[in-house]
**Student:** 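First, the structure itself, so that you have it in front of you.
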Amino acid sequence: MELPKEYDYNAIEEKWMNTWQDSMFYFDWNSEKPQFIIDTPPPYPTGNFHIGNALNWCYIDFVARYKRMRGFNVMFPEGWDCHGLPTEVKVEELNGITKSQVSREEFRQMCVDLTTKNIERMRKSLRRLGFSIDWSNEYITMDPSYFGKTQASFVKMYERGNIYQQNHPVNWCPRCETAIAFAEVEYDARDTVLNYLNFDKLQIATTRPELLAACVAVAVNPDDVRYSKYVNTEVKVPVFGHKVKVIADKSVDPTFGTGVVMICTFGDKQDVRWWVEHKLPLRKAIDKTGKMTGIAGKYAGMSTDECKKAIIEDMKIAGILYKQEKLDQNVGACWRCKTPIEILSERQWFVKIVAEDILNTAKEVTWVPDYMKVRLENWTGTMEWDWCISRQRIFATPIPAWYCAECGKTKVAKEEWLPLDPTQTSPPEACECGSTKFRGEEDVLDTWMDSSISALHVSGWLSDKPLLLPAQLRPQGYDIIRTWAFYTILRSKALLDKKPWDTILLNGMVLGEDGHKMSKSRNNFVVPEEVMKKNGADAFRQWAAIGGTTGSDIIFSWKDVVAGSRFLQKLWSIVRFSMPHISDEPAPYTPIDLWLLSKLNRLVKECTEKMDAYQFDETFKAIRGFAWEILADNYIELAKSRLYGDGEGKRAAQYTLFIAIDTLTRLLAPFLPYFSEEIYSHIKNESVHLAPYPQADESLINAEAEATGELIKELTAAIRRYKSEHGMALNAKLAGVEIYSTMEDASDIAGAANSEVILKTGTPDFETVPAALKPNMKVLGKTYRSRAKSIAEALMSADPKLAISGRIDFTVDGEDITLDNSCFTVEKERLLKGKAVDVLEVGSTLIVISRE
RNA sequence: GGGCCCGUGGUCUAGUCGGCUAUGACGUCGCUCUUACACAGCGGAGAUCCGGAGUUCGAGUCUCCGCGGGCCCA
């Protein structure tokens with residue numbers, strides 16, 4: 001059967017996508033094989049699988065397919081991290097409502113419906129990209145089967161004292177009206193104004209005069225002699241008139257403003273620190289919606305901005321505010337809506353952070369690349385307080401707790417009651433006080449509470465399956481080290497006292513072709529579907545493999561994608577040529593066959609090592625180099641004449657070609673699932689994705705065979721170059737070619753050169769003279785150190801004939817120096833005489849070509 | 001302000017333990033449509049490795065300073 005000339009990726013990718021059975025990639029819970037569980041990142045179901053996801057999934061799929069072929073029992077699950085604000089916002093937008101216009105349950109259902117639709121769309125993209133996902137281990141965090149586990153993890157940690165409820169300052173987004181975690185706070189540079197105020201007998205500087213009503217103390221540096229006499233006295237707060245203490249604290253910067261700061265509850269994180277340390281009272285001036293409270297007197301009900309304007313005006317008139325200056329300041333903002341955050345003291349749920357546990361567990365995990373570990377270490381321990389896990393939203397996992405209507409006591413659910421929604425059901429037992437009336441907790445969990453048990457979930461935690469933690473691999477982007485990686489380590493340690501995974505593999509961010517972050521406004525946005533349509537999945541996957549080193553940022557490049565489809569066409573041509581020739585009948589190899597097989601087995605060894613180290617770019621480049629340069633450009637050219645002929649040499653070439661294509665196809669399978677499956681279907685009756693990864697046959701890796709083959713290749717290349725330089729066609733016949741070497745067989749060279757080749761031994765009748773001496777700096781430098789340079793120069797200017805004996809003597813700076821031949825190489829020059837011949841030199845072998 | 005990474009031909013990129021004329025791709029120039037492939041083959045040109053200082057016999061590689069970029073954070 002003849003293959004079509006062009007590789008039709010569209011038809012072939014479509015064909016295999018519809019042929020493959022999901023069951024090929026199922027994890028076997030009862031397998032004897034070593035397990036390889038991947039803790040796949042559950043994407044947020046926006047409906048679109050973006051290119052950053054696609055890169056990450058390519059990495060995962062390379063590993064999954066490779067490990068399967070290496071005999072591992074692989075789980076490549078697919079999760080969906082459903083909960084969160086973006087879906088709530090989208091639902092409000094799509095339905096033209098606000099969440100308060102419908103019941104909680106109704107609103108939740110709208111979110112579920114939208115998410116379900118989005119997941120369905122994204123599943124299609126995943127299939128099209130050829131990912132070998134284990135759909136039997138799909139999980140959806142909004143399903144009761146998953147969020148029940150999230151709730152169970154909450155209950156377990158609560159019972160162990162890892163979770164507690166407390167009135168504590170939290171980061172608060174007044175627009176989203178919810179508490180948020182530190183990981184959700186972004187810092188942006190903003191211009192602000194520093195206001196100088198007469199503060200009783202002192203002057204203070206503040207950027208937040210609207211918080212004057214919340215002032216609970218004034219602080220100075222203990223070493224600041226200007227103010228020492230005021231320490232421990234009281235001052236009256238202007239406008240509001242309440243009295244506050246003057247305290248001394250080292251962390252006050254005496255050079256900032258007047259050197260006196262006011263402490264408010266709460267202007268920023270530093271205020272919280274002082275508030276805790278000096279046991280200051282609490283004055284709430286801002287409510288949950290960002291409006292001024294009753295203690296703000298005439299400003300009550302205003303937004304913080306309005307209040308700021310108003311109070312500044314009033315203080316100017318009253319002569320309290322005497323100076324203003326511009327100040328660059330970094331302001332914390334909500335990462336979702338960019339609204340500046342407030343710090344409010346509210347009753348919230350917290351998870352205890354034990355930095356030491358996290359750092360120790362992180363050390364047990366292998367980080368690829370290793371330097372990424374530092375990012376986690378730097379983040380751990382910088383948090384000012386524990387992880388706030390309660391959110392004042394709707395579409396999220398409900399916190400399984402109630403408050404007794406009588407005594408107000410908190411009742412947390414028992415594990416066996418889960419899953420449940422406390423706003424829909426009551427606890428099946430009475431409160432300690434005897435009351436059976438409860439109010440369900442309306443707060444919900446931070447979505448990271450869902451996703452931070454993904455590793456536990458896929459490893460069989462709380463199921464009828466065995467618990468297989470730790471998983472083997474966590475692939476993720478470095479942008480979520482401080483969140484997903486951090487929280488997963490925390491939870492795995494707290495719940496099971498184990499590391500969640502053996503290895504964490506970090507991928508970089510995908511940048512647009514202009515080198516900037518992809519964004520719609522920059523117009524450098526590319527979606528995987530577009531690439532798929534133009535060049536197919538296998539070409540896209542090649543970009544992912546070779547576009548950059550694992551862990552570093554990678555620029556999307558159409559050039560790489562196009563180069564990918566060209567490589568497919570090249571491979572296709574190789575196979576198309578080979579198909580009528582290959583045979584699985586062994587025959588005695590010729591030198592060039594052995595050369596190819598040695599190179600091939602060396603390649604297999606290299607690929608295995610590099611895949612084990614997650615170096616996809618290097619693996620793929622090695623395979624491509626072999627296929628293109630060694631197999632296509634050299635071996636096939638050299639073996640052609642045998643293949644066209646008859647006899648033993650032909651059968652050897654047929655068998656060698658078969659081995660090469662079979663091996664190459666299996667090496668390519670993790671990267672090019674569609675293409676390799678198509679090729680394999682022409683040579684074997686099974687799926688390449690169920691075939692074993694090639695094993696290097698060490699006995700075929702042979703330096704001598706490679707040297708012989710290399711010489712044949714070089715000699716052929718020299719003849720080709722000769723033709724090219726002389727403007728001859730490559731199949732032009734040369735009149736007389738003589739090769740002087742110890743080689744026994746030049747038939748492949750003759751075939752490739754399309755000329756008769758006469759093998760001769762010895763050397764032709766040339767005169768050979770030493771022409772130059774080349775210093776070996778590696779030896780000279782070590783031996784002669786600082787004099788190496790002058791000795792090298794002397795060597796180069798010495799008469800080369802003097803070195804014929806293998807050693808040379810000369811004088812440098814009056815000193816006699818003797819060098820043996822480890823210190824230099826003698827370059828020889830050949831003098832031709834007589835006939836009109838061209839001489840090509842390949843190492844020590846000479847090709848003599850008669851001129852016509 | 002701190003941490004991490006990066007700066008190599010026109011563009012992107014490789015470069016281990018410092019060691020001779022720095023890898024590959026795309027582009028470019030010349031030749032060749034050779035019974036797999038012109039989306040190809042063969043050959044060529046093109047880089048004082050961001051700047052400066054230092055260590056060293058020797059630095060793209062190590063150290064320090066500077067400039068520029070990216071990311072994570074305060």
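Letters A, B, ... mirror the listed sequences (proteins, then strands); counts begin at 1.
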**Student:** Rounded to whole Å, please give me the gap between CG in Asp479(A) and P in C5(B).
**Tutor:**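 Spelled out: CG on Asp479(A) to P on C5(B) is 18 Å.
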**Student:** Taking only the C1' atom of each, what is the distance from C71(B) to C62(B) in whole angstrom?
**Tutor:**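 Comparing C1' positions in C71(B) and C62(B) gives a spacing of 25 Å.
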**Student:** Side chain of Arg642(A), backbone of Gly649(A): donor and acceptor closer than 3.5 Å?
**Tutor:**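 Judged by distance alone, yes, a pair lies under 3.5 Å.
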**Student:** Output the rounded distance in Å from CH2 (Trp628(A)) to C1' (G41(B)).
**Tutor:**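 After rounding, the reported distance stands at 11 Å.
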**Student:** Relative to the 5' end of RNA chain B, which residue comes earlier, Ser565(A) or Trp572(A), by the nucleotide with the nearest heavy atom?
**Tutor:**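 Comparing both residues, the 5'-ward one is Trp572(A).
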**Student:** Between Asn507(A) (side chain) and Gly477(A) (backbone), is there a donor-acceptor pair under 3.5 Å?
**Tutor:**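 Confirmed, Asn507(A) side chain pairs with Gly477(A) backbone.
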**Student:** Just how far, in rounded Å, is C1' of C71(B) from CG of Asn507(A)?
**Tutor:**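 Going from CG in Asn507(A) over to C1' in C71(B) covers 13 Å.
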**Student:** Does Lys5(A) reach a base, just sugar-phosphate, or nothing at all? Heavy atoms under 4.0 Å.
**Tutor:**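 Sugar-phosphate, backbone atoms only, no base.
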**Student:** State the pairing partner of C71(B); accept Watson-Crick or G-U wobble contacts with both distances under 3.5 Å, and report none otherwise.
**Tutor:**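 Pairing partner: G3(B).
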**Student:** Touch check for Asp633(A), heavy atoms < 4.0 angstrom, all strands: base, sugar-phosphate only, or nothing?
**Tutor:**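 Here Asp633(A) touches the backbone only, sparing every base.
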**Student:** Provide the distance between the two C1' atoms, one in G19(B) and one in A59(B), to the nearest whole Å.
**Tutor:**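 Comparing C1' positions in G19(B) and A59(B) gives a spacing of 10 Å.
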**Student:** With both distances kept under 3.5 Å, what pairs with G54(B), Watson-Crick or G-U wobble?
**Tutor:**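 The answer is C62(B), by the H-bond criterion.
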**Student:** Using whole Å, report how far CD1 of Ile481(A) lies from P of C71(B).
**Tutor:**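 Those two atoms, CD1 and P, are 15 Å apart.
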**Student:** Please compare Met509(A) and Asn634(A) by the position of their nearest nucleotide in RNA chain B and report the one closer to 5'.
**Tutor:**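 In this pair, the answer is Asn634(A).
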**Student:** Rounded off to whole Å, could you give me the CG-to-P distance for the Leu664(A) and A36(B) pair?
**Tutor:**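 That distance rounds to 19 Å.
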**Student:** What is the base-pairing partner of A40(B), counting Watson-Crick and G-U wobble geometry with both distances under 3.5 Å?
**Tutor:**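 By the stated definition (distances under 3.5 Å), U32(B) pairs with A40(B).
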**Student:** I'd like the P distance from C64(B) over to C5(B), given in whole Å.
**Tutor:**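 Going atom to atom, P in each nucleotide, I get 12 Å.
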**Student:** For Tyr478(A), answer base if it contacts any base atom (sugar-phosphate contacts may also be present), sugar-phosphate if it contacts only those atoms, and nothing otherwise; contact means non-hydrogen atoms under 4.0 Å.
**Tutor:**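 Touches sugar-phosphate only.
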**Student:** Salt bridge check, Arg208(A) against Glu342(A): does any charged N sit closer than 4.0 Å to a carboxylate O?
**Tutor:**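 Yes, charged N to carboxylate O under 4.0 Å.
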**Student:** Check the distance between C39(B)'s C1' and Arg624(A)'s CZ and give it to me in whole angstrom.
**Tutor:**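 These atoms are roughly 14 Å apart.
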**Student:** Between G41(B), A74(B), C39(B), which nucleotide has the shortest distance from any of its atoms to the side chain of Gln569(A)?
**Tutor:**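 For the Gln569(A) side chain, the nearest candidate turns out to be C39(B).
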**Student:** Within the 4.0 Å heavy-atom criterion, would you say Arg375(A) contacts the bases, only the backbone, or no part of the nucleic acid?
**Tutor:**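 Touches a base.
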**Student:** Taking the C1' atom in each of U35(B) and G41(B), what is the distance between them to the nearest angstrom?
**Tutor:**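 Nearest-Å result for U35(B) against G41(B) at atom C1': 15 Å.
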**Student:** Could you give the distance separating U28(B) and A45(B) at their C1' atoms, to the nearest angstrom?
**Tutor:**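 After rounding to an integer number of Å, I get 9 Å for this pair.
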**Student:** Side chain of Glu637(A), base of A36(B): donor and acceptor closer than 3.5 Å?
**Tutor:**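 Indeed, a donor on one side and an acceptor on the other fall under 3.5 Å apart.
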**Student:** Any salt bridge linking Glu530(A) with Lys534(A)? Criterion: basic side-chain nitrogen under 4.0 Å from a carboxylate oxygen.
**Tutor:**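 Result for this pair is yes, salt bridge flagged.
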**Student:** Ignoring backbone atoms, test whether Lys373(A) places a side-chain nitrogen or oxygen under 4.0 Å from the OP1 or OP2 oxygen of C4(B).
**Tutor:**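 Checking C4(B) against Lys373(A), no side-chain N or O comes under 4.0 Å of OP1 or OP2.
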**Student:** Would you measure the distance from the C1' atom in U56(B) across to the matching atom in G69(B) and give it in whole Å?
**Tutor:**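 Each nucleotide's C1' atom is 31 Å from the other's.
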**Student:** To the nearest angstrom, how far is Lys559(A) atom NZ from C39(B) atom C1'?
**Tutor:**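 Going from Lys559(A) (NZ) to C39(B) (C1'), I get 16 Å.
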**Student:** With ring-ring contact (aromatic ring centres under 6.0 Å, His included) as the test, would you mind laying out the steps for Phe626(A) and Trp628(A) before giving the verdict?
**Tutor:** CA-CA 6 Å; Phe626(A) 174 86; Trp628(A) 211 307; over 10 Å; no
**Student:** Please name the residue in the list Phe616(A), Phe620(A), Phe671(A) that meets the ring-ring contact (aromatic ring centres under 6.0 Å, His included) test with Tyr59(A).
**Tutor:**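 The single option meeting the ring-ring contact (aromatic ring centres under 6.0 Å, His included) with Tyr59(A) is Phe616(A).
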**Student:** Verify the contact: side-chain N or O of Lys621(A) to OP1 or OP2 of U23(B), cut-off strictly under 4.0 Å; return yes or no.
**Tutor:**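 For Lys621(A), the contact criterion (side-chain N or O under 4.0 Å from OP1 or OP2 of U23(B)) is not met.
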**Student:** Under the criterion of centre distance below 5.5 Å and interplanar angle below 30°, is Tyr644(A) classified as stacked on the base of U35(B)?
**Tutor:**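 Whether judged by distance or by angle, Tyr644(A) passes, so it stacks on the base of U35(B).
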**Student:** Measure the distance from CZ on Phe620(A) to P on A14(B) and round it to the nearest whole Å.
**Tutor:**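 To the nearest whole Å, that distance equals 17 Å.
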**Student:** Pick the P atom in A40(B) and in U21(B), then give their distance to the nearest Å.
**Tutor:**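 Going atom to atom, P in each nucleotide, I get 33 Å.
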**Student:** Before accepting this row, confirm whether a basic side-chain N of the pair Lys605(A)/Glu609(A) lies closer than 4.0 Å to the acidic partner's carboxylate O.
**Tutor:**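 Here Lys605(A) does not pair with Glu609(A) in a salt bridge, since their nearest N and O are not under 4.0 Å apart.
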**Student:** Could you work out the separation of G54(B) and G7(B) based on their P atoms and round it to a whole Å?
**Tutor:**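 Per the computed distance, 23 Å lies between those P atoms.
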